[in-house]
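As the structure lists them, so they are numbered: ligands from 1, and atoms in each ligand from 1. Every value quoted in this text rests on a predicted model; they were computed, and no experiment measured them.
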Amino acid sequence: TAQVHIIGGGLAGSEAAWQLAQAGVKVRLSEMRGVEATPAHHTDSLAELVCSNSFRSDDADNNAVGLLHAEMRALGSVIMACADVHKVPAGSALAVDRDGFSAAVTEKVAGHPNVELVRERVDALPADASTPVIVATGPLTAAKLAESIGAATGRDALAFFDAIAPIVHRDTIDMEVCWFQSRWNKGSSGRRSPGSTEDCRGQSSPDDGKDYINCPMDKEQYHAFVQGLIDGEKTDFREWEKDTPYFEGCMPIEVMAERGIETLRHGPMKPVGLDDPRTGRWPYAVVQLRQDNALGTLWNMVGFQTKLKYAEQVRLFRTIPGLENAEFARLGGLHRNTFINSPQLLDGTLRLKSHPHIRFAGQITGCEGYVESAAVGLLAGRFAAAELAGGILPPPPPETALGALLGHITGGAEADSYQPMNVNFGLFPPILGKTKKADRKQMYTARAREALAGWREAI
Ligand code: FAD
């Protein structure tokens, strides 16, 4: 019989299951895909990546998510282990072959002798308080369970937009027109250049070597393209989607276009540091594509999340120089995101205050992104394992990336204005005293390493 019931086999549920199983705890992992799909997932593999294939920066010295990677590796994360095995070139970022990655997670987690993977949709929070539960059903939590969560928490889950960028078949890109280059031909500095292009979820371009395919535009083409975005037919909003705020880093491309003619040229279509080999100069504007799978056959359009209608996307994106004959493996789209008001509802170890046998993990807690979701899954699994062993796992110190993220979710954030958050140095206790700005990131990460080592020794 299961000692812990995990609902949802995404990034968080898979990691939580792994941590528990490794601690010798029997897990029932309920995953509905295989029986019922979600609007964004395409497979029934565990830990499927629904949009970008990037885990963002892997720089543990200068970047908060890179630091989180390192901390998760140190704690035996299955998500990080599988990502490392299936990584594809992406400069200083960690990007993965999505199919290889998810297949590896499935094999490891479902193949663990302590894990029973059950393909089932769970429609209500389990009432039996004798079995601890971890809810990790993510941004696309099935409706009935969401209702049940709403009933238990006394608050409605929030819904807002997320966005998918289109993916293009590499062999349909005209390389007579496009060229391989990263901005400034930069090496793996891990630094985010000011104003570097942002793709879905605020991921920055890694600025490395020749990792990007660039499609150049002249002024006339750019102006026509921006007008096309503004005029293009969009998908209709549903009633519940209205008045929903966008993330700055995940804003549909046409919404950026509406903000002003120059907005895209200063955002995802920024040409600086990109030399068109046909002219030896920076073009007026550029569209960048980044490798999306290990084979290098699929490339995603960086920052091109959109709510344009599919036919409109195909028509308009084929006006981009070099993409005249592009075939799209996936077109852009919009999805909802479900999350609870964690600072108000959860205690310091992610338990629902009103029903302490239930923990939440992953994006439904209001963290943001693959890595963060897996990190919160890791913590939920470890907290539950410690509890079953009769102890209490103290939360990781707030100076660590894990602790900073957890602290934000379980109390650091304002409950009234709680919004999903990526890990960032703004969540860490500030470095006091006078420091050079250039040194500050490394001071955060050095302090974090020390704090994590101390915590690991103590536990
Ligand atoms: P998920 O990975 O979604 O896993 C939840 C699982 O629970 C799913 O497998 C689902 O099938 C299952 N489930 C749901 N309800 C039930 C039920 N009632 N019973 C049983 N099983 C159930 N993050 C990034 O870092 N980069 C991106 O580019 C990015 N793009 C995104 C684009 C879209 C459209 C969306 C929706 C999200 C995106 N995210 C992105 C966020 C990303 O989905 C999450 O960060 C991550 O997948 C969350 O992990 P999770 O484990 O919390 O949820």
N or O contact, [X] vs ligand 1, cut-off under 3.5 Å:
X    : result
M32  : yes
R33  : yes
G369 : yes
A12  : yes
L11  : yes
T38  : no
R121 : no
E31  : yes
V122 : yes

Can you find a pair of side-chain heavy atoms, one from V133 and one from P126, that are under 4.5 Å apart?
->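 They are in side-chain contact.
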Are any of the side-chain nitrogens in [X] or [Y] under 4.0 Å away from the carboxylate oxygens of its partner?
X    : Y    : answer
E233 : R315 : no
E387 : R359 : yes
R28  : E120 : yes

Whether F225 and F317 hold their rings parallel, tilted or perpendicular, with breakpoints at 30° and 60° |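 Ring orientation of F225 relative to F317: tilted.
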Which of the atoms of ligand 1 are close to [X], meaning less than 4.0 Å from one of its heavy atoms?
X    : answer
L145 : 18 (N)
V50  : 31 (C), 32 (C), 33 (C), 35 (C), 37 (C), 38 (C), 43 (O)
A136 : 5 (C), 6 (C), 7 (O)
C51  : 27 (C), 28 (O), 29 (C), 30 (N), 31 (C), 32 (C)
S52  : 28 (O)
A142 : 14 (C), 15 (N), 18 (N)
G362 : 52 (O)

Which one holds for S373 and ligand 1: side chain close, backbone close, both close, or neither close, with close meaning a heavy atom under 4.0 Å?
->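 The side chain, only.
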Derivation and outcome, salt bridge (charged side-chain N to carboxylate O under 4.0 Å, His left out), residues D211 and R183 | CA-CA 9 Å; D211 290 340; R183 206 178 295 284; over 6 Å; no
Does the side chain to side chain contact (heavy atoms under 4.5 Å, CB included) test come out yes or no for I253 and L229, once each step is laid out?
-> CA-CA 8 Å; I253 188 104; L229 288 171; 3.8 Å; yes
Once you round to the nearest 0.5 Å, how far does CZ of R265 lie from CE of M256?
->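 The CE atom of M256 is 15.0 Å from CZ of R265, to the nearest 0.5 Å.
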Nearest 0.5 Å, what's the SG-CG distance between C215 and L289?
->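 These two atoms lie 5.0 Å from each other.
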Counting heavy atoms only, name the option from Q363, K144, H41 that's nearest to atom 45 (O) of ligand 1.
->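 Among Q363, K144, H41, the closest heavy atom to atom 45 (O) of ligand 1 comes from Q363.
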May I ask you to check whether T306 and E254 show a side-chain donor-acceptor distance below 3.5 Å?
->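 Yes, a side-chain donor-acceptor pair sits under 3.5 Å.
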Output field: ring centroids F55/F101 closer than 6.0 Å =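 So the answer is yes for these two rings.
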Go through the steps to decide whether E48 and R33 satisfy the test side chain to side chain contact (heavy atoms under 4.5 Å, CB included), and finish with yes or no.
-> CA-CA 10 Å; E48 180 184 332; R33 285 179 294 121; 3.4 Å; yes
Contact between E120 and ligand 1, counting heavy atoms under 4.0 Å?
->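 Yes, E120 has a heavy atom closer than 4.0 Å to ligand 1.
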